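Written below as structure tokens is the structure these notes are about.
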There are 2 protein chains.
Amino acid sequence: AVVTPALAQSLPTINWRLASSFPKTLDTIYGAADTFVKRVSQLTGGKFNIRVFAGGEIVPGLQVLDAVQAGTVECGHSASYYYFGKDPTFAFDCAVPFGLTSRQHTAWYEQGGGRELTREFFKGYGVINFLGGNSGTQMGGWFRKEIKSVADLKGTKMRIGGFAGKVLERLGLVPQQLAGGDIYPALEKGTIDAAEWVGPYDDEKFGFYKVAPYYYYPGWWEAGASFSFYVGLKEWEKLPKEYQAAIEVASYEAHVVMQAEYDARNPTALASLQKKGVKLRAFPKDILEASYKAATDVMNEEAAKNAKFAKIYEPWKQFRKEQNLWASVAESSMQNFLISTVRGGK
Amino acid sequence: AVVTPALAQSLPTINWRLASSFPKTLDTIYGAADTFVKRVSQLTGGKFNIRVFAGGEIVPGLQVLDAVQAGTVECGHSASYYYFGKDPTFAFDCAVPFGLTSRQHTAWYEQGGGRELTREFFKGYGVINFLGGNSGTQMGGWFRKEIKSVADLKGTKMRIGGFAGKVLERLGLVPQQLAGGDIYPALEKGTIDAAEWVGPYDDEKFGFYKVAPYYYYPGWWEAGASFSFYVGLKEWEKLPKEYQAAIEVASYEAHVVMQAEYDARNPTALASLQKKGVKLRAFPKDILEASYKAATDVMNEEAAKNAKFAKIYEPWKQFRKEQNLWASVAESSMQNFLISTVRGGK
């Protein structure tokens, strides 16, 4: 941190703790909190210091929201769909099945009403949320056997949670909840048949390819998983305006850097996995279509009984529709042509 | 701006001028400079003030780099391919034909060596460059007549400049240089047959659809046009570290917000244009393929005679290849499925 003595006298020294939901091994996601706190410190002449704690150091990774709400920590970095069990509405702040891609989510949050809608919802938990990175479209996960149609999903025990698990259950899959470190032995023993994690860069480190060689895509439950910084509203309101501005602006940097890191690292990891014999497979079309239908059913049912969910779902659905109509014109025709040239070896 | 008297005493008051290349009518692009300077002011307790001037107010829009280099202004906001005439290497900082998409460019700049490579090049002009927004894939422009194959391009007078003009010349098209305000009358009179501008949001305001109803996509010369903030290196080195940090971090915010604005506004504008009778057309495959070949030839020829160009082109080309191989897996399969659902009315 840059310490400017004159500045140091003019604004208060503030020390905060940030609870991350993530282990340091997920360095790209965990690292967003580091990027964030370093910049906040630098912008405030070293006076506003936030110390980052990995998942489990202060509270378990899946309880970061609770810790910020309770004031155990002043702020956090998490994936809002972890709190799906409290209310599925949380997922809109992160990812819902067949939801927005990374750029679409950012556009929705920034310019499509997403900031206002999600903040109104988070207010009920005493928290204010900021953009905090995105993984891009994730992979569909590792399967011990090839999956050729919806019929093959029946009885498949897969490590997958939350919204996606609820959707896949309707297709006969048996969702399992397992912590990251327990996935490999379970796949190896055959206690589970499949597991989803993130994408090539994170997945390669776990060595899943050794025990489940079929690597499916896309992870339609995470078209773009958006991460968030949480700040306790009471703490937020006590901050000097310059410190609030530092948090706001630093969150943009962390948001950009995480996606850029994933984009830069995934291609190399994918090539490395392919050299190791991984069998890349696209989910069959009937699985995508059945999953889309089941996801729509689950979301409509939730909207019918949960007014908070419905309040975000309706405008979000319209936004998604308009985004994909526009994406079908310039952006995806360009992307698909670029892919065709590289596949054609040109 | 937030003025904190104590802070105001501790750091110097600095007043800078920023020359934008853009008119205020391009509010999304021009607005990035506003976003940027407001945040810089806020982060510095109102002490570091940068005043934005639209294209032509201090210097013509296409001379912003020169103005920053000469010290006429301390900083600027521009599209680096405007300086293609000085050296085609500038285009890597913005867009080259069949280049990187918005996310890929950001990944390249942030994590793929792009920042280091482009800054080394800009140093020769006494300037340091920062990310300053992206438009996403632009449209291919407005044509008075339908274009069904490469043969139809022969003799077509099109308002298109720089790199793209050089490539399309090889296919028999006749590139024309026209300022934004002169495009409509030229299309109306038939002095030109076609013109490219940006995308639905910006194009609709000009009313091009009234005189050239065929609206082509994608604008393969701008798979993602990235804009940049320029700061004079001598001025940069004189800044207190906190002010440097404010510039660095504010550029990320402006970068995110511009792309989000385009993403949120283009869908509505496209729908509105379609209601007005615009005829949307994809460029025929033979045009894309011939253009790709011509673009590759032009770039290879430039690399053979220009060491600065070659130094960026070689690693950039490898990065583009890896990016598109990875994009073909999770991201584009997801995007294409989402498009198929919305087109199917699901």
Side-chain angles (χ1 to χ4, degrees), chain A residues 2 4 6-7 10-11 39 42-43 45 98 101 103 106-107 110-112 136-139 199 217-218 220 223 241-242 245-246 249-250 252-253 255-257 260-261 263-264 266-267 270 282 288 292 321-339 341-343, chain B residues 2 4 6-7 10-11 39 42-43 45 98 101 103 106-107 110-112 136-139 199 217-218 220 223 241-242 245-246 249-250 252-253 255-257 260-261 263-264 266-267 270 282 288 292 321-339 341-343:
Chain A
V2 177
T4 304
L7 177 69
S10 65
L11 283 169
R39 186 63 85 179
Q42 191 185 29
L43 288 167
F98 298 99
T101 64
R103 241 175 76 182
T106 302
E110 271 299 311
Q111 297 284 324
T137 303
Q138 298 193 6
M139 291 292 285
Y217 64 89
W220 46 258
K241 290 225 183 317
E242 283 87 352
V249 75
Y252 284 104
E253 178 177 13
H255 189 62
V256 171
V257 171
E261 285 179 347
D263 286 343
N266 275 325
L270 181 70
L288 289 180
Y292 183 79
K321 184 181 164 184
E322 290 167 1
Q323 284 297 304
N324 288 318
L325 281 171
W326 163 236
S328 75
V329 180
E331 196 79 29
S332 80
S333 66
M334 187 74 234
Q335 180 62 79
N336 289 336
F337 181 78
L338 290 168
I339 287 169
T341 63
V342 79
R343 281 198 171 160
Chain B
V2 176
T4 304
L7 177 68
S10 65
L11 283 168
R39 186 63 84 177
Q42 192 185 29
L43 288 167
F98 299 98
T101 64
R103 242 175 75 182
T106 302
E110 272 298 311
Q111 298 284 324
T137 304
Q138 297 193 7
M139 290 293 284
Y217 65 88
W220 46 258
K241 291 224 182 317
E242 284 86 353
V249 75
Y252 284 104
E253 178 177 12
H255 189 62
V256 171
V257 171
E261 285 179 347
D263 285 343
N266 275 325
L270 180 70
L288 289 179
Y292 182 79
K321 184 182 163 185
E322 290 167 2
Q323 284 297 303
N324 288 319
L325 281 172
W326 163 235
S328 76
V329 181
E331 197 79 29
S332 80
S333 66
M334 187 75 235
Q335 181 61 80
N336 290 336
F337 181 78
L338 290 169
I339 288 169
T341 63
V342 78
R343 281 195 169 161

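Residue numbers start from 1 in every chain, and the chains themselves are labelled A, B, ... in the order their sequence lines are given, proteins ahead of strands. In this text, all values refer to a predicted model and were calculated from it rather than measured experimentally.
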query: Among B/Tyr252, B/Trp220, B/Tyr292, which has the most heavy-atom pairs under 4.5 Å with chain A?
result: B/Tyr252

Which portion of B/Phe98 sits near chain A, non-hydrogen atoms under 4.5 angstrom: both

field: Heavy-atom contact with chain A under 4.5 Å, split by part of B/Leu270
entry: side chain

query: Side chain, backbone, both or neither: which part of B/Ala282 has a heavy atom under 4.5 Å from chain A?
result: neither

query: Under a 4.5 Å heavy-atom cut-off, does chain A meet the side chain of B/Arg103, its backbone, both or neither?
result: both

- prompt: Do the side chain of B/Gln111 and the main chain of A/Ala264 share a donor and acceptor less than 3.5 angstrom apart?
  reply: no

A/Ser332 versus B/Gln335, closest heavy-atom pair with distance: CB-CG, 4.4 Å

field: Exercise: identify the closest heavy-atom pair between B/Arg343 and A/Ser328
entry: NH2-OG, 3.2 Å

message: Tell me which of these, B/Glu253, B/His255, B/Glu110, B/Gln138, has more heavy-atom pairs under 4.5 Å with chain A than the rest.
response: B/Glu253

field: Segment of A/Thr106 engaging chain B (4.5 angstrom heavy-atom cut-off)
entry: both

field: Polar side-chain atom of B/Gln323 near backbone of A/Asp263 as donor-acceptor pair, under 3.5 Å
entry: yes

task: Over all heavy atoms of both residues, which pair between B/Glu242 and A/Gly45 is shortest? Give the atoms and the distance, please.
output: OE2-CA, 3.7 Å

message: At a heavy-atom distance under 4.5 Å, which candidate from B/Val257, B/Val342, B/Val249 has the highest pair count against chain A?
response: B/Val249

query: Taking the side chain as C-beta and beyond, is there a heavy-atom pair between A/Thr137 and B/Val329 under 4.5 Å?
result: no

field: Part of A/Thr341 within contact of chain B (heavy atom distance under 4.5 Å)
entry: side chain

- line: In short, B/Pro218 meets A/Ala330 closest at the heavy-atom pair CB-O, 3.6 Å

- prompt: Which one, B/Ile339, B/Leu325, B/Val256, B/Asn336, leads in non-hydrogen pairs under 4.5 Å with chain A?
  reply: B/Ile339

